Each structure stands twice: as C-alpha cells, then as structure tokens.
Undergrad: 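Just dropping this structure here.
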Amino acid sequence: MRFTNLFAPTLRQDPADADVVSHRLLLRAGYIRRVTSGVYDLLPLGLRVLRHIETIIRQELDAAGAQELLLPMVQPAELWQQSGRWDKYGRELLRLVDRHDHASCLGPTHEEVICHLVAGDLRSWRQLPMNLYQIQAKFRDEVRPRFGLMRGREFTMKDGYSFHADDEDLAREYDHMFATYQRIFRRLGLNFRAVEADTGSIGGNRSHEFHVLADSGEDLIAYCTECDYAANVEKAISGRAKPLATGNEQPLAQVATLGVTEVDAVAKLLDIAPSQLVKTLIYRVTGGELDGKTIAICIAGDDQLQEIKLQRAIHAEALEMASDAEITEAGGVIGYIGPQGLTCPLFADTALQAACDLIAGANQNNTHLRHLSMPRDAANAHYFELRQSCADDQCPHCGGTIALARGIEVGQVFALGRQYTEPMEVGFQDRDGKRATATMGCYGIGVSRLVAAIVEQCHDEAGICWPMAVAPFQVALITLGNGEMVTEASAELYQQLTEANIDTLWDDRKERPGVKFKDAELMGLPLQLVVGERGLKDGMVELKPRQGEKQLILLADALSHCLQSVANPQ
RNA sequence: CGGGGUGUAGCUCAGUCUGGUAGAGCGCUGCCUUCGGGAGGCAGAGGCCGGAGGUUCGAGUCCUCUCACCCCGACCA
C-alpha cells in the first residue's frame, strides 16, 4: 500500500477525550474514530490489525476442531424468554420493536440462538461433540462505556459453543479450549495470565478468564508468586497474612468512643491494630431466598468485603447498602454497628470464625465493645469466604505469597453444563436409546478489545509497537526526498517486498523525513526500511526494527533481510 | 443512576468573571525556499461559539431549559 492511497489521518496532538494510552494512540495514529459513546469506526489500519487477530484465532480454533458459522445479530424475544434471560439480563440488553410490534434484541451473546440452532438438528449422541464459533459484532448497552475499544457498547467478539453428550466430555473440551486459548494469546505476543473466575450472569459451574497484564486493566487478579494459582479477586480465596487472635475469652466490656466511628480512627483511639476490629455492614438483598431482606456482614477491620462473593454465597441477584432507616430497623446504630443485638440475618467472613478479643460497635451511640468473641457473642453468624484477597496473603494451595495485579480480560471459558440446554430443549438420543439433554461449554474472546490490550502492552513514548503477528503492515518503506534515484530504488524495493508477500506501507508522500519517521513510529510498524540519497550513493539502505538499532545493509540484500526479520522478529 | 468536568475552526485551546465587529498554534490550499527527525516565508480557505428559549439597544459572554461527550463511583460477558 502506498501511503498516498491510505486513509490514515494521524493527529499531531493528543485528543482531548482520551486518557488511556491505547485509546489515545489508536486515535492519534489513525486506527479508530469515535461515532458516539462506546461506538467506533475502525479505519483501514484498525481493520487490518483486527483481521490479523481474527486470522490467528481462526487458525487455532479450526486446528482444534471447531467450525466457524455466523449467527444473526437481531434475535427474537421468544428465545430469550425461553431461557429466562429476557427478564433477567437487565438494561444491557438493547431491546427493539419492529413494525409488526414484535420484540427483539441485539445480541450481546448467543447462547439462546446457538441452542435453538442445535436443538433443531441434534438427533443422536453420534453427532456429538460439536464445537461451533463465530466472529461477529456484539452489542451490550453498557452503563458506562470507556477507554475506546477497551469497553465499547458495540464490539467484535469471538464466541464459541460446544455441545456434549456428558459432562466428562465437556470437561475434556474445556481443557482443550483452555490450551487453545493459551496458544492464541501466546501467538499474539501477549503477557497474559489465566485465572479462576466467577461465572457471573452467564452462569455455569467452572470458568477461567484470560487477562492481559496491564496497569490500566479494569480487573484485579490475585496470583501466587510460587505456584500456578491465580484468580480474579471476585473469586480468589487466600488466607490472611496474619490470622486473627483466638482463645482468651474475657467478659464483654463497653468502651466510650465519643464521635469516633471509622475503623482506623477507633483503632488509633484505643491503640490497637485495625485487624482487631470487626466491621459490620448492612445490605439490602435483591433476589434469592433473602429477596427484599436486610442482612448484616461482619468482616475484619483491615479487610474489604468482596461483594461478588457475598452475592454468590447467598444466591442474590443484587446487593445494595441499606438505607439509614433500614439499619435502624435492623437494630443498628449508625457509626456504631456491631453484630450483637441485630435482628437481621448475620453473615461473617471465615477469617472471623474463631476470632476472639475483638472490638466491635455496640449498637449504642458513642460506644464500642471490647473482648467480643465471635463464637460466643455472634453465635447466629453464618460463615463464608467473603473478604477480598490482599497482597501478602497466603496461597490456599501451596502456602506461598499472594500478589495482586491489574488485568484486561480478553477471554473467558465456561463449562455451562445444562443451564441453557435444559430450557432451550437441546436433547438427543443417547447410546442406550434414552432421551438426554446435551451439556454445553462456551468460550469468548474480545477481539476488538484485544486490539486495545495489545497497545496497552506494546507501546513507548513515540507510539505503538505492534508485534509482527498483528501489525497492519510489517514494513514501513520510507523514501527520503523526491530525487529520481531514491524514488526508483524505493519503487523497486516496494515491488520486491510486495511480491514476497510482505505487507509494506510505502511512504511516498512529499513530506519531510521527520514527518515520515514520526508517523511510522506512531503507527507502530515493526520494521523501517529507509531509502535516502546519503546511503544509496554507496548502494546502501537502512533497516531498523521499531524498538531496535538501525543497521546499514546493501540495497541488494534488503529483501532477504526483511524476509528474515519478518520471519524472526526481535 | 449519583458526583465532577467539557462543548468556540479539522486538532489542541484562549476569549465567558467585567456583554460592544470571532482569536492563537498546529493542520489544510497555492506559491517560494528548504530537503536525514513533526522546517521557514508570503498569500489564502475554513465558525449558526452544542441546541432552544429568555434578559438587553446589543449575548460566545448573563438567566432558564435541553442535548452530547469525558472522568470518578455504582453496575457489568
């Protein structure tokens, strides 16, 4: 491609509304433009990168035995009503009504549609297993889209679904897809980590997320520095670095804490560690057996409640901090809430299970209690793992040290089981001649998000630094000046490179050298091949990897050098 | 949905407090000079100051309403 034919408007200054590096660079380098909140145009350069990522995904999935198909974006409400998600999915599901007053939605994910398809044609166990995938635009009406391609409302996703005769075979395919995902992300040149994950609203019983490690990531993951354990903090379980004190049961005693309510302030006033305090939080529950009820949660003073864990533990759909009135009704005194004397159900973190000699609110103004013993004074508590993992925690598997890192979730695999196949009636006749329901797995990759995630990990001061495997062009052929000699040599090189199937962007613009170098670096092309009069006099050109040193080479050797650098990038 | 912020030239932004002819830099067009790291000169083009209503002799500026976008939070495969 000649630069003069390429639509790639680069910006000299940073766009005002982009704070995150990938968003900023993709806008500046002419890869994307915003249409409206969370919706982007993918310009030719952006599309090239996306296509390269798709190609790697296709190659690996096809090799793994999956088949590509394409499902519709507009889906009838009936399918979602059948699975039960029409009412459950919430406002992220963009619903529309057509001219016949028929309700539909834009697909945020395709479990219903694929089950409908498979249910229609599945007859026998002999047809199983099958693994079907598609790469397609998804729409989720996110409450707060942000960071460019990182969290859009419309985005490109690879979603795959597998169907099996039994859970054993599903487990096999789950592991197979897990390994395939690792190969895909490795080929993309990413520093990533697979972590155990909560199954969220998609449901199911086993799930891993794949995270690209980056400080701008929206997720927090906990991992062991000594073994393979890694999990999203929404799910991670780890032991406190310093267990809480047990034994030593002394009688409860009131202590005046006039106007002091915050954990750190109380700890300071009483000259104790924050871990010796118990925080009591009051929530209102939506969904599940406790629907509409108020509940109390106890957690160590220096721990944070992980709400997702609580939600899972009590099978709730949503949690909200209780209002002042609800707290009072439950017997709590705001600022001095403690487990004793509350009238609502009490849940506590397992770290507190045997803890004694604690300080807690007394449910009395300006008063705390000393020597609180959870087993003795909060005997009605139900214990669950509710605290969020912290750095320096103990690994549950090997006892090693836990560390935290930020991650961008770029893929997730779920063993769904029969959660969708039951209501969608995906049945077949098993080898004993009996009717059976298929079991299902689903596997997603955020393709457009990957574009952003790669930039987050591969950039420097000057711009993007694409891995060779996904770069929109592999070589930036930069012609310096307009002389006949350099133009002819460049044209010759351009033809050679193109014929050798090397994606080459020939900067044939009448621009000064600085402009060309800056644009090539901003765009992040992995190799620069520079043709200038200075070198050409001696039959030489320059080859420079995006982040490496430049090398003078013979014009005659340029093609073979490029072939080698493309095949074996630094 | 709560909190904060921004809308003026293609981009980045001044001008708004204190009402009085619409500005700068970069980019863009033409010409000249320059030609190895976002050059210099000259001449130009480009604006319903997000939108609607109001106050005023007069509104980018003041008032009311509204829309869009960004950030933090809540939420979220």
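Small disclaimer: the values here were computed from a predicted structure and weren't measured. Here is the naming used below: chain letters follow the sequence lines, and residue numbers restart at 1 for every chain.
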Undergrad: In this structure, how many angstroms lie between the C1' atom of C70(B) and the CE atom of Met150(A), rounded?
TA: 16 Å
Undergrad: Considering every strand shown, what is the Watson-Crick or G-U wobble mate of G30(B) when both distances are under 3.5 Å?
TA: C42(B)
Undergrad: Would you mind reading off the distance between Phe139(A) atom CZ and C76(B) atom P, rounded to a whole angstrom?
TA: 18 Å
Undergrad: Could you let me know what U21(B) is paired to, Watson-Crick or G-U wobble, both distances under 3.5 Å, or none if it's on its own?
TA: none
Undergrad: Would you mind checking if Glu218(A) and Arg151(A) are paired as a salt bridge, meaning a charged N to carboxylate O distance below 4.0 Å?
TA: yes
Undergrad: How long is the line joining CG of Asp17(A) and C1' of U12(B), in whole Å?
TA: 12 Å
Undergrad: Have a look at Pro9(A) and say if it touches a base, only the backbone sugar-phosphate, or nothing, with a 4.0 Å heavy-atom cut-off.
TA: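 Here Pro9(A) touches no strand at all.
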Undergrad: Students often get this wrong, so: under 4.0 angstrom with heavy atoms, is Gly90(A) touching a base, only sugar-phosphate, or nothing?
TA: nothing
Undergrad: Need one value for Lys510(A): base, sugar-phosphate or nothing, where a base atom within 4.0 Å counts as base even if backbone is also close, heavy atoms only.
TA: nothing
Undergrad: Taking atom types as they are modelled, is there a donor-acceptor pair under 3.5 Å from the base of C76(B) to the side chain of Arg151(A)?
TA: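 Answer yes: a donor N or O sits under 3.5 Å from an acceptor.
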Undergrad: Would you kindly check whether a donor in the side chain of Glu521(A) faces an acceptor in the base of G37(B), or vice versa, at under 3.5 angstrom?
TA: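 Such a pair exists between side chain and base.
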Undergrad: Indicate the ring-plane relationship of Phe185(A) and Phe210(A), choosing parallel, tilted or perpendicular according to the 30° and 60° boundaries.
TA: tilted
Undergrad: Measuring from the side chain of Pro513(A) (C-beta onward, heavy atoms only), which nucleotide among G36(B), C71(B), G38(B) has the closest atom?
TA: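 Nearest to the side chain of Pro513(A) among the choices is G36(B).
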Undergrad: For Phe163(A) and Val118(A), work out which heavy atoms get closest and say how close.
TA: CE1-CG2, 3.6 Å
Undergrad: Tell me whether the centres of the aromatic rings in Phe3(A) and Trp506(A) are closer together than 6.0 Å.
TA: no
Undergrad: Expressed in whole Å, how much space separates the P atoms belonging to G10(B) and C28(B)?
TA: 14 Å
Undergrad: From the set C28(B), G38(B), G36(B), return the single nucleotide nearest to any side-chain atom of Val515(A).
TA: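 Output: G38(B).
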Undergrad: Answer with base, sugar-phosphate or nothing: what part of the nucleic acid does Arg34(A) contact at a heavy-atom distance below 4.0 Å?
TA: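 Sugar-phosphate contact only.
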Undergrad: Round to the nearest Å and state the distance from Gln306(A) atom CD to C75(B) atom P.
TA: 10 Å
Undergrad: Could you check whether Arg28(A) pairs with Asp14(A) (Lys NZ or Arg NE/NH1/NH2 to Asp/Glu carboxylate O, under 4.0 Å)?
TA: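 Counted as a salt bridge, because a side-chain N and a carboxylate O are separated by less than 4.0 Å.
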Undergrad: Where the side chain of Asp19(A) is defined as all heavy atoms beyond and including C-beta, which of C71(B), C69(B), G36(B) is the nearest nucleotide?
TA: C71(B)
Undergrad: Regarding Phe155(A), tell me which of base, sugar-phosphate or nothing describes its non-hydrogen contacts under 4.0 Å with the strands shown.
TA: nothing
Undergrad: Is the backbone N or O of Arg153(A) less than 3.5 Å from a side-chain atom of Lys138(A), with the two atoms forming a donor-acceptor pair by type?
TA: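 No, because the side chain of Lys138(A) does not come within donor-acceptor range (under 3.5 Å) of the backbone of Arg153(A).
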Undergrad: Could you tell me how far apart Asp14(A) (CG) and C13(B) (C1') are, to the nearest whole angstrom?
TA: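 Rounding to the nearest Å, CG of Asp14(A) and C1' of C13(B) are 14 Å apart.
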Undergrad: Less than 6.0 Å separating the ring centroids of His208(A) and Phe178(A)?
TA: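 Yes, close enough.
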Undergrad: In whole Å, what is the span from the CZ atom of Arg512(A) to the P atom of G36(B)?
TA: 7 Å
Undergrad: Enumerate all atom pairs, one protein N or O and one N or O from nucleotides 2-6 of chain B, separated by less than 3.5 Å.
TA:
none

Undergrad: State whether Trp86(A) and Arg95(A) meet the cation-pi test: NZ (Lys) or CZ (Arg) under 6.0 Å from the six-membered ring centroid, and within 45° of the perpendicular axis.
TA: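 Checked: cation-pi criterion met.
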Undergrad: Taking only Lys NZ, Arg NE, NH1 and NH2, and the carboxylate oxygens of Asp or Glu, determine whether Asp215(A) and Arg406(A) approach each other closer than 4.0 Å.
TA: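 So Asp215(A) does not pair with Arg406(A) through a salt bridge.
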Undergrad: Leu11(A) has an atom CG; how far is it from atom P of U12(B), in whole Å?
TA: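 To the nearest whole Å, that distance equals 8 Å.
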Undergrad: Looking for any heavy atom pair under 4.0 Å, which part of the strands does Asp159(A) touch: base, sugar-phosphate only, or nothing?
TA: nothing
Undergrad: Considering only atom P, compute the distance from G4(B) to A39(B) and round it to an integer number of Å.
TA: 43 Å
Undergrad: Hey, does Gln528(A) reach any base, or is it just sugar-phosphate, or nothing, if we go heavy atoms under 4.0 Å?
TA: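 It contacts nothing in the nucleic acid.
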Undergrad: Which listed nucleotide (U12(B), G73(B), C69(B)) is nearest to the side chain of Arg146(A)?
TA: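 In terms of side-chain proximity for Arg146(A), the closest of U12(B), G73(B), C69(B) is G73(B).
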Undergrad: Identify the nucleotide, in any strand shown, that forms a Watson-Crick or G-U wobble pair with G2(B), with both distances under 3.5 Å; if there is none, say none.
TA: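 Its partner is C72(B).
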Undergrad: Record whether the side chain of Gln13(A) comes under 3.5 Å of the base of G10(B) through a donor-acceptor pair of N or O atoms.
TA: no
Undergrad: Pick the nucleotide of RNA chain B nearest each of Gly535(A) and Ile308(A); which residue has the one closer to the 5' end?
TA: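 Mapping each residue to its closest nucleotide by heavy atoms, the 5'-most match is Gly535(A).
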Undergrad: Mind checking who G47(B) pairs with, Watson-Crick or G-U wobble, both distances under 3.5 Å?
TA: none
Undergrad: Does any N or O donor sit under 3.5 Å from an N or O acceptor when you compare the side chain of Arg12(A) with the base of U12(B)?
TA: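 In this structure, the two groups form no donor-acceptor pair.
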Undergrad: With nearest nucleotides of RNA chain B determined for Val143(A) and Gly446(A) from heavy-atom distances, which residue corresponds to the more 5′ nucleotide?
TA: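 Per heavy-atom nearest nucleotide, the more 5' residue is Val143(A).
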Undergrad: Quick one: label Gly481(A) by what it contacts on the DNA or RNA (base, sugar-phosphate, nothing), any heavy atom closer than 4.0 Å.
TA: nothing
Undergrad: Go ahead and name the base partner of U16(B); Watson-Crick or wobble counts if both distances stay under 3.5 Å, otherwise write none.
TA: none
Undergrad: Tell me yes or no: between the side chains of Glu60(A) and Tyr181(A), is some donor less than 3.5 Å from an acceptor?
TA: no
Undergrad: What is the distance, to the nearest angstrom, from the CG atom on Asp507(A) to the C1' atom on G37(B)?
TA: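 About 13 Å, once rounded to whole Å.
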Undergrad: Which nucleotide, if any, forms a Watson-Crick or G-U wobble pair with G58(B), using both distances under 3.5 Å?
TA: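 For G58(B), the partner nucleotide comes out as none, under the 3.5 Å rule.
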Undergrad: Check every strand shown and say whether Arg91(A) touches a base, only sugar-phosphate, or nothing at a heavy-atom separation below 4.0 Å.
TA: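 Nothing, no nucleic acid heavy atom in range.
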